[in-house]
Amino acid sequence: MGALQSLSDEPEYRELAEKTGFSFEQIGILHKRFKQLSHNEDMLRRADLDTIPDLACNPIRIQIIEAFFDKRNFHQNGDGTVEEISFEEFLVVMSHFRPPALNMTEEQREKVRREKLRFLFNMHDTDNDGTITLEEYRHVVEELLSRSGALGKETAKGIADAAMLEVASISMGHMEPDEFYEGITFEHFLKILKDIEIETRMNIRFLNMDTMTLCK
């Protein structure tokens, strides 16, 4: 209790709690994990996240790591990427995985949902042009399918292309044979995922400090 009280007395921790929605206890745990990952440094780099066993098993490992260094995810009006992040930036990115509070209003819940979907959209809009292109979408689907070992690269590519055409039909409706689908905009992305309860499904497991899980 004394340790938590001392954290609440720190203006920096109070500000982080207000900004991210994490409790003082959660901030303390995440700070400990940050220091462990950064080897007690004040800044975290890609290579530090690249060594996490649980994350190494994830087929979209690269996109997850890049999300931590994408300025669009820092709750600021920035774009591009950085080479290293502070604990505050790490915490802000982590807040995208925090489930919504039970006492939220519908308006607040919708705001959280939109922020989470924007975060997911940014992960796949790798060139930051406002659309998830066929190539970007294909890459993600290929990674997800080919990592399973059950499908070859060409088969995975064919499935990815077919999936993108289905997405195009949902987003755009009927398309003429000579029409070119430029990609998924964020508004299309919202439409595609409108029936999925993303608020409670986004979670992250690789920060478990005691994990010894290795890829099989």
Side-chain angles (χ1 to χ4, degrees), residues 12 15-22 27 30-31 33-34 37-38 41-50 52 55 58-98 100 107-144 160 163-164 167-168 170-172 180-194 196 198-199 201-204 206-207:
E12 180 186 0
E15 185 179 330
L16 288 176
E18 291 173 5
K19 189 172 185 177
T20 65
F22 286 121
I27 292 173
L30 288 169
H31 187 259
R33 183 53 166 152
F34 178 88
L37 289 171
S38 68
E41 297 290 336
D42 291 333
M43 304 298 285
L44 189 72
R45 299 169 182 82
R46 286 174 178 81
D48 298 323
L49 295 180
D50 211 24
I52 300 171
L55 189 54
N58 197 303
I60 56 170
R61 175 182 60 84
I62 294 173
Q63 287 92 334
I64 292 173
I65 291 176
E66 284 303 312
F68 279 88
F69 300 88
D70 188 334
K71 290 181 182 178
R72 294 175 294 176
N73 298 328
F74 297 162
H75 289 175
Q76 299 170 355
N77 295 322
D79 54 39
T81 59
V82 295
E83 293 302 314
E84 54 186 20
I85 56 173
S86 65
F87 175 62
E88 179 178 345
E89 291 161 340
F90 172 80
L91 201 64
V92 168
V93 174
M94 284 298 302
S95 71
H96 289 95
F97 298 94
R98 191 178 64 84
E107 184 178 349
Q108 290 171 327
R109 182 174 286 271
E110 182 57 32
K111 182 175 181 290
V112 168
R113 172 182 172 79
R114 194 176 180 92
E115 287 175 351
K116 286 177 180 286
L117 287 172
R118 173 61 77 178
F119 178 80
L120 287 176
F121 184 86
N122 289 346
M123 279 180 64
H124 302 308
D125 176 22
T126 54
D127 59 2
N128 192 21
D129 68 348
T131 60
I132 300 174
T133 64
L134 174 59
E135 193 60 37
E136 289 167 334
Y137 187 79
R138 177 190 290 156
H139 175 72
V140 173
V141 176
E142 282 182 15
E143 283 293 305
L144 289 169
M164 190 64 172
V167 167
I170 294 171
S171 303
M172 305 295 291
F180 176 70
Y181 184 55
E182 295 182 356
I184 305 169
T185 65
F186 182 59
E187 292 307 315
H188 292 160
F189 194 67
L190 291 175
K191 184 178 179 182
I192 292 163
L193 298 178
K194 66 182 177 63
I196 297 177
I198 198 69
E199 301 95 308
R201 293 190 178 186
M202 277 180 65
N203 58 74
I204 197 162
F206 66 79
L207 291 173

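In this chain, numbering begins with 1 at the start of the sequence shown. Values below: all heavy atoms of this structure, side chains included; hydrogens, waters and symmetry mates excluded.
The closest donor-acceptor contact from the side chain of Arg72 to the backbone of Asn122 lies under 3.5 Å. Between the side chain of Glu110 and the backbone N or O of Glu107 there is no donor-acceptor pair closer than 3.5 Å.
For Glu66, the salt bridge (Lys or Arg N to Asp or Glu O under 4.0 Å) criterion is met by Arg46, not counting sequence neighbours. Lys19 pairs by the side chain to side chain donor-acceptor pair (under 3.5 Å) definition with Glu88, not counting sequence neighbours. Residues that satisfy the ring-ring contact (aromatic ring centres under 6.0 Å, His included) test with Phe74, not counting sequence neighbours, are absent from this structure. Partners of Asp48 under the side chain to side chain donor-acceptor pair (under 3.5 Å) rule, at least two apart in sequence or in another chain, do not exist in this structure. In terms of the side chain to side chain donor-acceptor pair (under 3.5 Å) criterion, Asp79 has no residue partners (sequence neighbours excluded). The side chain to side chain contact (heavy atoms under 4.5 Å, CB included) search around Glu41 returns Ser38, not counting sequence neighbours. Residues that satisfy the side chain to side chain donor-acceptor pair (under 3.5 Å) test with Ser95, not counting sequence neighbours, are absent from this structure. Residues passing the side chain to side chain contact (heavy atoms under 4.5 Å, CB included) test with Asp129 are Asp125, Asp127, Thr131, Thr133, sequence neighbours excluded. Every residue was checked against the ring-ring contact (aromatic ring centres under 6.0 Å, His included) condition with Phe69, not counting sequence neighbours, and none meets it. Residues forming a side chain to side chain contact (heavy atoms under 4.5 Å, CB included) with Glu15 (at least two apart in sequence, or on another chain): none. Listed by chain and residue number, Arg114, Thr185, Leu190 satisfy the side chain to side chain contact (heavy atoms under 4.5 Å, CB included) test with Glu187 (two or more places apart in sequence, or in another chain). Residues meeting the ring-ring contact (aromatic ring centres under 6.0 Å, His included) test with Phe22, sequence neighbours left out: none.
The line from CG of Leu120 to NE2 of His96 is 9.5 Å long, rounded to the nearest 0.5 Å. Atom CG of Asp42 is separated from atom CD of Glu84 by 10.0 Å, given to the nearest 0.5 angstrom.
In terms of heavy-atom proximity, Leu16 sits nearest to Thr20 at O-OG1, 2.8 Å. A pairwise comparison of heavy atoms in Arg98 and Lys116 identifies O-NZ, 2.9 Å as the closest pair.
A salt bridge is defined here as a Lys NZ or Arg NE, NH1 or NH2 lying under 4.0 Å from an Asp or Glu carboxylate O, and Arg45 with Asp50 fails to meet this definition. Ion pairing between Lys111 and Glu115 holds under the 4.0 Å rule for side-chain N and carboxylate O.
Side-chain contact between Leu44 and Phe87 is absent, with no heavy atoms from C-beta onward closer than 4.5 Å. Proximity of Met123 to Ile64: side-chain heavy atoms (C-beta onward) are separated by under 4.5 Å at one or more points. Looking at Met94 and Phe68, their side chains come closer than 4.5 Å, going by heavy atoms from C-beta outward. Contact check for Phe34 versus Leu91: no side-chain heavy atoms found under the 4.5 Å cut-off. Within the 4.5 Å cutoff, no side-chain heavy atoms of Ile62 are placed close to those of Ile65. Taking the side chain as every heavy atom from C-beta outward, Asn73 and Val92 never approach each other to under 4.5 Å.
Phe119 and Phe97 have perpendicular rings, their planes meeting at more than 60° on a 0 to 90° scale where under 30° would count as parallel.
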